[in-house]
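For reference, the structure is listed below as structure tokens.
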2 protein chains.
Amino acid sequence: MLVTNISGVSHPKPVSARAEATRARLEATAVELFEVHGYEGTTTAMIAASAGVSEMTFFRHFRSKEGVLFDDPYDPLIVQAIAAQPTGLPPIRRVSAGLRAAWAAISLPDVETVRRRVRIAGTTPSLRAGMWANMARTEDGIVEQLVSDGTPEPIARMASAAVLAAMTAALTAWAADDSTMLGAMLSQAFDVIDGASRA
Amino acid sequence: MLVTNISGVSHPKPVSARAEATRARLEATAVELFEVHGYEGTTTAMIAASAGVSEMTFFRHFRSKEGVLFDDPYDPLIVQAIAAQPTGLPPIRRVSAGLRAAWAAISLPDVETVRRRVRIAGTTPSLRAGMWANMARTEDGIVEQLVSDGTPEPIARMASAAVLAAMTAALTAWAADDSTMLGAMLSQAFDVIDGASRA
DNA sequence: GCGATCAATGTTAGTGACTAACATTAGCGG
DNA sequence: CCGCTAATGTTAGTCACTAACATTGATCGC
């Protein structure tokens with residue numbers, strides 16, 4: 001539930017109401033603690049204790065400590081939007097146009113929640129990499145689509161990595177400054193990719 | 001000593017001959033063990049034991065296990081090359097042109113060593129992020145240069161993130177396939193950024 | 001209601017990366 | 001050869017994370 005899951009695809013876990021409640025409680029507790037003590041200053045033991053469960057239970061609901069912030073299920077919407085772009089475009093343009101379209105087509109459900117999370121990630125050096133890793137599946141999906149339309153794999157990977165990196169930069173810039181708007185930042189990022197941004 | 005240290009800038013540590021020898025022994029031992037048992041299958045205790053030192057000594061020479069593979073000191077050459085590009089170009093073009101020039105200007109001392117390391121990093125999911133983190137200082141340097149030439153900071157960060165991401169993709173693609181040449185891969189990456197790459 | 005069942009949680013014990021504090025050794029200059 | 005300091009060793013810890021097994025609790029057939 002961060003940024004590459006644009007349309008709100010949910011986890012396939014067949015969860016009971018109790019489990020879902022526990023997960024939600026852990027998630028909320030964790031984010032609050034991160035904001036107060038910082039990510040590194042918050043231990044998984046603290047999160048579990050504050051949520052009233054054992055540490056083991058924390059790891060049953062989240063793959064890792066990072067997993068509290070990053071666990072986007074793969075969202076096919078992005079890949080579909082890219083597939084819809086003309087194959088005649090240079091790959092990087094095709095990806096940027098696709099992402100532009102994907103973002104324009106939706107409206108994020110709870111923008112402020114996302115902003116809080118991205119802010120934590122953007123201000124913690126060790127988490128910047130995690131944000132990137134969270135997009136791995138999305139990158140793979142984009143690459144697969146480009147390749148199936150005839151783009152050589154290395155080229156496809158370079159193009160998607162570049163665009164997703166610019167997008168990530170846009171997200172962290174947006175999260176860091178409350179006066180900015182997500183749409184505007186993303187638009188700037190795609191403009192940068194398209195070489196349309198000057199100076 | 002990986003990829004963002006193009007001109008061989010060395011660490012500023014005032015090292016004795018003995019310490020340098022120990023460091024080199026640990027480094028070589030570690031890479032060999034990584035290649036045999038995989039990165040995750042190699043413990044720091046194994047590395048230390050194989051090198052004939054205590055585990056503590058390992059961490060005195062390397063910040064972390066990842067640090068064995070990634071510890072590029074910041075290389076000002078790249079930033080200089082970017083600074084030399086015309087300020088009239090769109091930021092992303094300026095960065096790609098600068099990196100193109102930087103890579104053309106040098107020849108990597110021991111290409112095969114680099115390839116071994118990048119291969120380990122590229123084939124270990126948890127290390128892909130580390131490669132990226134290793135370039136943080138370089139990214140910051142590029143951003144600083146662009147900003148001092150009038151580019152707004154968010155734009156500068158989007159542009160450098162995008163180009164470095166494409167470059168990283170080129171490096172992993174090169175390392176994964178022994179029949180490819182580094183220069184050709186990098187050239188392709190910059191072509192992708194410039195939108196010159198078709199299909 | 002009542003027990004059975006299975007998911008959800010707890011407990012315990014461990015591994016591996018990494019740190020801090022303090023003790024020891026080894027090589028160099030005098 | 002002595003002493004000094006850098007380099008290394010030892011010990012004892014913290015924290016993220018895992019495995020194996022025990023326990024609770026909600027829901028379902030009855």
Side-chain angles (χ1 to χ4, degrees), chain A residues 11-31 33-34 36-71 120-121 124-130 133-134, chain B residues 11-31 33-34 36-71 120-121 124-130 133-134:
Chain A
H11 284 276
K13 282 182 189 169
V15 263
S16 75
R18 182 160 72 121
E20 182 48 41
T22 304
R23 183 193 166 92
R25 190 152 28 92
L26 279 166
E27 200 169 314
T29 307
V31 171
L33 289 175
F34 291 162
V36 175
H37 306 288
Y39 178 80
E40 315 220 304
T42 306
T43 70
T44 55
M46 286 165 65
I47 300 170
S50 294
V53 297
S54 77
E55 203 178 344
M56 194 61 245
T57 294
F58 173 87
F59 285 105
R60 285 213 181 85
H61 286 279
F62 302 100
R63 268 194 293 257
S64 65
K65 191 179 167 188
E66 280 192 10
V68 178
L69 295 171
F70 311 125
D71 62 338
I120 294 167
T124 308
S126 68
L127 282 181
R128 293 191 160 241
N134 184 51
Chain B
H11 283 277
K13 282 182 189 169
V15 264
S16 76
R18 182 161 74 120
E20 182 49 41
T22 304
R23 183 193 165 93
R25 190 153 27 94
L26 279 166
E27 200 169 315
T29 307
V31 171
L33 288 175
F34 291 162
V36 176
H37 306 287
Y39 177 80
E40 315 219 305
T42 306
T43 69
T44 55
M46 286 166 65
I47 301 170
S50 294
V53 297
S54 77
E55 203 178 344
M56 194 60 245
T57 295
F58 173 87
F59 285 106
R60 285 213 180 84
H61 286 280
F62 302 99
R63 267 194 295 254
S64 65
K65 192 179 167 188
E66 280 192 11
V68 178
L69 295 171
F70 310 125
D71 62 338
I120 294 167
T124 309
S126 68
L127 281 180
R128 292 191 161 241
N134 184 51

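By convention in this document, chain letters (A, B, ...) are assigned in the order of the sequence lines, proteins followed by strands, and residues within each chain are numbered from 1. What's counted below: heavy atoms across the whole structure, side chains too, no hydrogens, waters or symmetry copies.
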- Item | With sequence neighbours excluded, residues passing side-chain hydrogen bond (donor to acceptor under 3.5 Å, both in side chains) with S64(A) | none

- Item | H61(A) and its side chain to side chain contact (heavy atoms under 4.5 Å, CB included) partner, picked from V53(A), L26(A), D71(A) | L26(A)

- Query: Any side chain to side chain donor-acceptor pair (under 3.5 Å) pairs touching residues 41-50 of chain B, not counting sequence neighbours?
  - Reply: T44(B)-E55(B)

- Query: Hey, is the side chain of H61(A) poking within less than 4.0 Å of OP1 or OP2 on dT9(C), counting only N and O atoms?
  - Reply: yes

- Task: Check whether any side-chain N or O of T22(A) sits under 4.0 Å from OP1 or OP2 of dT9(C), and answer yes or no.
- Result: yes

- Note on the structure: Protein heavy-atom contacts under 4.0 Å, written 5' to 3' over nucleotides 11-28 of chain C as B (base), S (sugar-phosphate only) or - (none), form the string B-----SB-B-----S--

- side-chain hydrogen bond (donor to acceptor under 3.5 Å, both in side chains) involving E20(A) - partner list, sequence neighbours excluded: none

- Taking atom C1' of dT9(C) as reference, at what distance in whole Å does atom CG of L26(A) sit? 11 Å

- Message: For T57(A), give me all partners under side-chain hydrogen bond (donor to acceptor under 3.5 Å, both in side chains), at least two apart in sequence or on another chain.
- Response: S54(A)

- For Y39(B), enumerate each residue passing the ring pair (Phe, Tyr, Trp, His ring centres under 6.0 Å) test, keeping only those at least two apart in sequence or located in another chain. F34(B)

- Report the distance from atom CD1 of I47(A) to atom P of dC15(D), rounded to the nearest whole Å. 12 Å

